[in-house]
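Everything quoted here is computed from the prediction, not taken from an experiment.
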Amino acid sequence: MRIFRTYQRMLRMLPLDIVVITEAGRHYKPGWSIYEEMPVFALPPDSSAISLLKAFPAFLSGGGARRFATMHIAGFSKAAQLIGIAGLVAGIPVIAEMTVDPDPPGHRLRDRIALLAITRARLLIALNNTIRAWFLNIGVAPERIWLRPNPVDLDLFRPPTAAERLAARSAFAISDGACLSVVFGRFQPRKNQRLAVQALANLPQPHHLLLAGPAFAEDQEYLSSVRRDIERLGLQHRVIIHAETVADASKIYHAADQLWLTSTREGLPNVMLEALCCGVPVVANSQLNLHDHVVDEVNGCQASPDPQSLAEAALAVLPLSVSPIARRTISDRARQAYNADHLCAEFAGHLAAVAGLSAEGAAK
């Protein structure tokens with residue numbers, strides 16, 4: 001979705017004709033559909049080579065036979081590998097973006113073939129230094145790598161007015177004296193909400209915790225384990241669970257005093273960048289290697305992923321949480337670094353170069 005939004009913004013800069021290829025699932029049925037005026041083709045959920053071949057006639061019949069000037073693949077799923085290789089065979093310049101820290105590359109023949117969509121890409125987008133190092137390790141030339149943070153919509157993600165903050169906190173029944181920490185993301189083990197609950201037990205009464213994000217059918221068992229932790233630790237009156245998709249994420253940040261990143265694995269979390277742009281300090285698992293973005297005593301704190309360390313970091317960040325001047329400084333610093341208009345303009349230049357376009361050219 002973030003890449004989709006990025007291309008929507010780039011429509012203001014280049015006359016792009018965009019086709020979105022994704023995997024079928026809870027949001028899309030297999031085949032063609034229209035999402036926000038863009039054609040979307042959803043692949044079969046198993047994404048095997050045979051399934052992709054069977055889906056190919058439907059792809060062609062629905063507008064997939066046009067000539068594509070570039071192809072942008074995201075992640076390293078089997079579908080992304082196969083589609084990227086198909087693009088290379090068809091002579092389409094590939095842009096490859098890695099959104100989560102990848103596993104070490106394999107050395108079998110099929111592993112090397114799968115890597116072709118990455119190693120032969122014209123432009124590689126790394127969201128952090130770990131991903132950049134992975135690209136270099138598999139033989140990508142440094143000049144083809146763009147180390148780039150995710151773009152943030154600064155009109156949406158900004159410090160709240162006093163009225164907006166009061167309304168956001170009232171929506172979750174947060175009192176004026178409470179320090180509200182937020183873990184924002186899908187309820188699943190990788191997001192590690194259980195660590196946040198355990199850390200809260202080490203903090204004094206004014207500290208409250210909001211766990212916000214969707215819980216799908218396959219997430220219910222994990223959500224139940226989170227609820228059991230809350231009851232076992234006697235935190236029922238200090239933890240708020242909002243296990244739903246959040247339509248306007250800015251309301252979460254407007255209510256928050258801190259954002260906790262308890263995940264066991266991330267690339268570059270959008271929630272971190274958005275929260276910082278809203279002036280919310282971040283407490284991050286130090287093993288996520290977000291040191292270029294979260295700086296101790298400047299805009300947050302790094303913490304080892306254990307309850308006591310996380311609690312101590314939350315207390316250390318408290319002066320930033322309660323200071324309007326500190327929160328404004330955090331926001332100004334982040335808004336300069338993650339400005340979507342600036343980053344998308346730079347991306348439009350990269351895209352035009354990859355596709356051989358001028359600013360007045362057209363792309364598909």
Side-chain angles (χ1 to χ4, degrees), residues 100-104 127-131 133 178-213 215 219 221-243 252-253 256-276 280-322 326 330:
V100 177
D101 293 351
D103 294 320
L127 297 189
N128 60 36
N129 277 307
T130 301
I131 295 172
C179 177
L180 181 65
S181 298
V182 172
V183 176
F184 193 4
R186 178 179 166 184
F187 280 85
Q188 56 181 196
R190 182 173 70 85
K191 295 298 183 181
N192 207 10
Q193 288 91 345
R194 297 184 67 180
L195 172 60
V197 172
Q198 293 159 13
L200 182 67
N202 292 293
L203 289 168
Q205 181 66 31
H207 289 262
H208 288 63
L209 178 64
L210 170 62
L211 305 177
D219 304 323
E221 183 177 348
Y222 178 71
L223 176 57
S224 295
S225 71
V226 174
R227 294 187 188 278
R228 287 194 296 270
D229 286 348
I230 293 169
E231 293 177 4
R232 177 176 56 82
L233 295 169
L235 299 173
Q236 296 91 325
H237 301 296
R238 295 172 58 196
V239 180
I240 302 161
I241 292 182
H242 185 78
I252 300 292
Y253 308 126
D257 293 295
Q258 301 179 4
L259 178 80
W260 289 358
L261 291 174
T262 53
S263 303
T264 59
R265 187 178 186 183
E266 291 284 358
L268 185 62
N270 290 330
V271 294
M272 176 187 71
L273 308 185
E274 294 164 357
L276 291 172
V280 179
V282 171
V283 176
N285 175 356
S286 58
Q287 294 182 357
L288 296 177
N289 296 317
L290 298 172
H291 308 285
D292 292 340
H293 302 273
V294 179
V295 181
D296 289 354
E297 300 181 12
V298 173
N299 61 0
C301 192
Q302 304 278 338
S304 298
D306 64 82
Q308 186 60 43
S309 296
L310 184 61
E312 291 173 358
L315 292 174
V317 167
L318 198 55
L320 299 176
S321 304
V322 300
I330 290 170

Tell me, please, which residues at least two apart from Y253 pass ring pair (Phe, Tyr, Trp, His ring centres under 6.0 Å). F157, F184
Could you tell me whether a side-chain N or O of N192 sits under 3.5 Å from a main-chain N or O of T262, the two making a donor and an acceptor? yes
Without swapping roles, check the side chain of S286 against the backbone of A303 for a donor-acceptor pair under 3.5 Å. yes
Whether the side chain of D257 engages the backbone of L318 through a donor-acceptor N/O pair (distance < 3.5 Å, no angle test) should be reported. no
For L320 and G300, work out which heavy atoms get closest and say how close. CD1-N, 3.6 Å
Gap separating the CG atom of L261 from the CD atom of Q302, nearest 0.5 angstrom: 9.0 Å
Which atom of R186 lies closest to which atom of D219, heavy atoms considered: NE-OD2, 2.8 Å
Considering all heavy atoms of both residues, which atom of A196 and which atom of V183 are nearest to each other, and what is their separation? CB-CG2, 3.6 Å
Determine whether K191 and E266 make a side-chain contact, defined as any pair of heavy atoms from C-beta on separated by less than 4.5 Å. yes
For S224, enumerate each residue passing the side chain to side chain contact (heavy atoms under 4.5 Å, CB included) test, keeping only those at least two apart in sequence or located in another chain. R228
Euclidean distance, N289 CG relative to D101 CG, rounded to 0.5 Å: 7.0 Å
Taking all non-hydrogen atoms of both residues, which atom of I131 and which atom of P102 are closest, and how far apart? CG1-CD, 3.9 Å
Hey, does the side chain of N285 reach the backbone of S263 with a donor-acceptor pair shorter than 3.5 angstrom? yes
Residues C301 and V294: closest non-hydrogen pair is N-CG1, 3.5 Å
Are the side chain of R238 and the backbone of H207 linked by a donor-acceptor contact shorter than 3.5 Å? yes
dist L276:CG -> I330:CD1 (nearest 0.5 Å) comes out at 7.0 Å
More than 12 heavy atoms of other residues, nucleotides or ligands under 6.0 Å from CD of Q308: is that the case? yes
Rounded at 0.5 Å granularity, tell me how far CG in L223 sits from CZ in R194. 11.5 Å
Is there a side-chain contact between V226 and V239, using heavy atoms and a 4.5 Å cut-off? no
Any donor-acceptor pair under 3.5 Å from S321 side chain to Q258 backbone: no
Expected output: side-chain H237 to main-chain L235 donor-acceptor under 3.5 Å: no
Can you find a pair of side-chain heavy atoms, one from H208 and one from I240, that are under 4.5 Å apart? no
